[in-house]
Amino acid sequence: MSIDRRDFLRLFGATATTAAFVRPGFAAPSLNHVVVIGGGILGATLAYTLARRGVQVTVLEKSAPASGVTGESFAYLNASTKADDRPYHVLNALGVAGWHRLQIELQGALPVRLNGAIQWRSESGQAEEIFATLRRVQEWGYSGRRIDEVTLRALLPKAVTGPVAGAVLYEQEGALDPVATVEALLDQAKKLGATVRFPVEVTGFDVSGNRVRAVKTTEGEIEADAVVLAAGHGSEALARSIGVKLPLKSSKGILIHTDRQPGLLERVVFGPGITIKQDPDGHFVSSGAYQGSDAGSPLEEQGQRILENAARFFPQLSNARVAKVISGTRVLPADGFPVVGFAGDFRNVYVTVTHSAVTLAPVLARFAAQELLDGVPVDILAPYRPSRFA
Ligand SMILES: Cc1cc2nc3c(=O)[nH]c(=O)nc-3n(C[C@H](O)[C@H](O)[C@H](O)COP(=O)(O)OP(=O)(O)OC[C@H]3O[C@@H](n4cnc5c(N)ncnc54)[C@H](O)[C@@H]3O)c2cc1C
């Protein structure tokens with residue numbers, strides 16, 4: 001008897017509870033083929049996670065992998081900036097933990113750095129604010145601590161910090177190179193049997209009752225047992241085409257990438273007027289929220305000013321060059337929170353649309369796989385169901 005690669009993965013895959021190992025009486029659907037629409041960070045992480053569960057996955061991307069918002073992202077992996085809403089904070093903390101898990105699972109193959117994030121403030125009032133946030137998330141069980149000025153300088157020996165009124169280290173946070181991470185995850189998914197097709201745009205669905213039978217694409221129809229909408233801004237129109245509301249709003253952000261520089265920063269850094277990280281391949285990424293920023297001026301000028309601002313804190317960057325300026329538009333659901341779960345009455349159409357998807361991708365992919373393959377709803381996703389917009 002011969003078994004093909006998919007059967008092998010089904011039988012001997014990483015997790016024992018694949019769709020093929022459903023217990024008697026357990027209401028899990030049998031899914032052979034899942035189409036994931038979108039090749040951003042969500043689509044790539046979903047593809048890898050589902051393929052690892054032994055499912056045949058096809059990713060359809062209308063342009064190229066990571067060509068959407070993911071390629072425009074700062075890609076800070078964190079829950080510390082989500083300190084206003086406890087359930088959302090917890091979901092993001094699970095996202096950060098998910099990157100640690102994936103990095104172990106893939107034996108360090110991902111261009112992800114998880115060495116921590118540092119914040120400091122020069123004025124006492126602002127220092128009190130970061131301490132108050134720290135205390136709140138510590139009370140929620142999150143990992144972070146105050147650090148003194150000596151420790152700050154030891155962690156950032158080449159930085160010109162100015163006066164330090166207070167500093168905080170979130171040691172489990174980090175950042176990733178979003179484009180390279182998407183590529184790495186899609187490569188891993190392909191090794192597990194997934195197919196990644198681009199440019200192929202999904203233009204609609206062939207619906208039968210409360211199920212989608214096939215997706216219509218620029219390359220013809222593709223049958224699917226289930227479909228996941230991970231199309232970022234494109235998800236709104238796709239959902240609308242099957243009568244499901246998925247309202248998104250627009251929010252812009254500007255950041256620069258420098259040319260590749262010698263290694264300087266192992267951690268993500270937030271000083272008073274500076275947000276900066278260095279990706280594993282050497283380029284720095286710094287965002288446009290700095291003192292004296294002028295959102296009205298041409299992009300090139302804004303980029304140059306972001307670099308000059310960064311060089312005030314890190315003089316090594318005086319010799320750096322702006323490699324690109326990115327004006328990105330966040331995928332922001334109307335109420336600011338993720339939209340995750342089955343779409344309307346459809347039992348085989350699943351939506352994953354959110355801001356902070358870089359942080360959230362591993363946990364949302366794991367939960368989506370569980371809900372799709374095991375039929376077990378995850379209760380911490382209850383506030384985030386698409387039905388709240390119905
Ligand atoms: C400036 C900025 C900074 C950010 N900083 C952070 C941060 O520090 N940390 C963090 O966690 N998040 C951050 N984000 C948010 C994060 O980048 C996004 O939430 C995330 O990249 C969205 O990923 P996605 O896979 O959902 O969407 P996308 O990356 O947009 O991927 C969707 C893909 O679907 C494709 N597509 C669309 N329609 C179709 C169709 N009909 N058929 C086929 N393919 C289709 C698109 O081409 C696209 O490639 C930031 C965003 C911006 C703009």
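As the structure is a prediction and not an experimental result, all values here were calculated from the model. FYI, the numbering just counts along the sequence from 1. When a ligand or atom number is given, it counts from 1 through the structure's own listing order.
A salt bridge does not link Asp206 with Lys216: every distance from a Lys NZ or Arg NE/NH1/NH2 to an Asp or Glu carboxylate oxygen is 4.0 Å or more. Arg113 has no carboxylate O lying under 4.0 Å from a charged side-chain N of Asp177, or vice versa, which leaves the two without a salt bridge. Residues Glu371 and Arg385 are paired through a salt bridge, judged by an N-O separation under 4.0 Å between the basic side chain and the carboxylate.
For Val200, the heavy-atom gap to ligand 1 drops under 4.0 angstrom.
Counted by atom type alone, Asn32 and Gln56 present zero donor-acceptor pairs between their side chains at under 3.5 Å.
Close approach of ligand 1 to Leu238 (heavy-atom distance below 4.0 Å) involves ligand atoms 41 (N). Within ligand 1, counting atoms from 1 as listed, the ones closer than 4.0 Å to a heavy atom of Leu42 are 25 (O), 26 (O). Listed by number with element, the atoms of ligand 1 under 4.0 Å from a non-hydrogen atom of His355 are 14 (N), 15 (C), 19 (O), 50 (C). Each of the following atoms of ligand 1 lies closer than 4.0 Å to a heavy atom of Leu60: 43 (C), 44 (N).
Counting heavy atoms only, Val202 comes closest to atom 40 (C) of ligand 1 of the residues Val353, Val202, Thr203.
Residue Lys62 places at least one N or O, backbone or side chain, under 3.5 Å from an N or O of ligand 1. Ligand 1 has no N or O atom lying under 3.5 Å from any N or O atom of Ile254, backbone or side chain. At a 3.5 angstrom cut-off on N or O pairs, Thr352 does not count as close to ligand 1. Some N or O of Thr354 is nearer than 3.5 Å to an N or O of ligand 1, by distance alone.
More than 12 non-hydrogen atoms from other residues, nucleotides or ligands lie less than 6.0 angstrom from CD of Glu139.
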Let's go through Val202 and Lys62 carefully: what are the C-alpha distance in whole Å and the side-chain angles of both, what is the deciding distance for side-chain contact (heavy atoms from CB on, under 4.5 Å) to 0.1 Å, and is it a yes or a no? CA-CA 7 Å; Val202 175; Lys62 73 171 179 184; over 6 Å; no
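The distance between the ring centers of Phe284 and Phe314 does not fall below 6.0 angstrom.
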